[in-house]
Amino acid sequence: MGGNGLDADNYETDPELARIRRERNYSWMDIITIDKDKLPNYEDKIKIFYEEHLHLDEEIRYILEGSGYFDVRDKDDKWIRIFMQKGDMITLPAGIYHRFTLDENNYVKAMRLFAGEPIWTPYNRPADHFPARRQYLQFMEQAVQ
């Protein structure tokens, strides 16, 4: 369990998850299971997730079972690997280049949260022309100073 107070075993009734969703307006939710027996077009999906991309909205993932890696770029454009396991939640800001891959267990069950209607469109790098990318870079410049 992460130290965030979330209870992955009881996500349907977890008051902490309900509070986060309310405060951040994550009105939409679904659950994705990345497993070769459960996910249609598994091989294609894995390749898509691992292709470096960004989204025009923030991406929220809450790991309910299993584990995997989110890779994100630092300010010097180097990869940072973030290990995610049961009970962990991550928010990737709009405009950040990232990718996802499973670990050797080849299994993850994750909740996807979204404010409003979900738009899952991945824009593979290079996607620097989007306002979301420019806003993210401006935010990073201010945060580093």
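- Using a 4.5 Å cut-off on side-chain heavy atoms (C-beta onward), Val108 and Ile63 make contact.
- Within the 4.5 Å cutoff, the side chain of Arg133 has heavy atoms near those of the Leu54 side chain.
- Judged purely by distance below 3.5 Å, without hydrogens or angles, the side chains of Tyr97 and Asp128 pair a donor atom with an acceptor atom.
- Residue pairs meeting the side chain to side chain donor-acceptor pair (under 3.5 Å) criterion with at least one partner in residues 111-120, sequence neighbours excluded, are Asp30-Arg112.
- For the pair Asn106/Asp35, no side-chain contact is recorded, criterion being any heavy-atom separation below 4.5 Å from C-beta on.
- Atom CZ of residue Arg81 and atom OG1 of residue Thr101 lie 6.5 Å apart, to the nearest 0.5 angstrom.
- A continuous path of ILVMFWY side-chain contacts below 4.5 Å connects Ile20 to Ile31, so both sit in one hydrophobic cluster.
- Two rings, from Tyr11 and Tyr62, have their centers 6.0 Å or more apart.
- For the pair Pro122 and Ile48, the tightest heavy-atom approach, listed with the atom from each and the gap, is CG-CG2, 4.5 Å.
- In terms of modelled atom types and a separation under 3.5 Å, the side chain of Asn105 and the main chain of Tyr107 share no donor-acceptor contact.
- Atoms CD1 and CD1, from Ile82 and Ile90 in turn, are 4.0 Å apart once rounded to the nearest 0.5 Å.
- You'll find the side chain of Phe70 reaches within 4.5 Å of the side chain of Met84, heavy atoms only.
- Within a 6.0 Å radius of CZ in Phe139, other residues, nucleotides and ligands contribute 12 heavy atoms or fewer.
- With a 4.5 Å cut-off on side-chain heavy atoms, Ser67 and Phe83 count as touching.
- A salt bridge between Glu59 and Arg61 is present, with a side-chain N of the basic residue lying under 4.0 Å from a carboxylate O of the acidic one.
- Of the possible donor and acceptor atoms, none in the side chain of Asn41 sits under 3.5 Å from a partner among the backbone N and O of Lys45.
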Could you go step by step and tell me if Glu58 and Tyr26 meet the side chain to side chain donor-acceptor pair (under 3.5 Å) rule? CA-CA 11 Å; Glu58 67 180 12; Tyr26 297 153; 2.9 Å; yes
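- With a 4.5 Å cut-off on side-chain heavy atoms, His53 and Tyr123 do not count as touching.
- In this structure, His55 and Thr121 approach most closely via the heavy-atom pair ND1-O, 3.0 Å.
- In this structure a side-chain-to-backbone donor-acceptor pair under 3.5 Å is present from Asp7 to Asp9.
- At a threshold of 4.5 Å between non-hydrogen side-chain atoms, the residues Tyr69 and Phe100 do not count as touching.
- Here the CG-NZ distance, from Asp44 to Lys47, works out to 6.0 Å after rounding to the nearest 0.5 Å.
- When atom types are taken as modelled, the side chain of Ser27 and the backbone of Ala115 share no donor-acceptor pair closer than 3.5 angstrom.
- The CG atom of Leu64 lies 12.0 Å from the CD1 atom of Ile32; values are rounded to the nearest 0.5 Å.
- Once rounded to the nearest 0.5 Å, the distance linking CD1 of Ile34 with CG of Leu102 reads 5.5 Å.
- Between Glu51 and Arg125 no salt bridge is recorded (no basic side-chain N to carboxylate O distance below 4.0 Å).
- Of all non-hydrogen atoms in Gly95 and Tyr136, the two that sit nearest each other are O-CD2, 3.7 Å.
- Here the side chain of Asp71 pairs no donor or acceptor atom with the backbone of Arg99 at under 3.5 angstrom.
- In this structure, Arg73 and Glu52 have side chains that are in contact, with non-hydrogen atoms separated by less than 4.5 Å.
- To the nearest 0.5 angstrom, Leu17 atom CG is 5.0 Å from Met111 atom CE.
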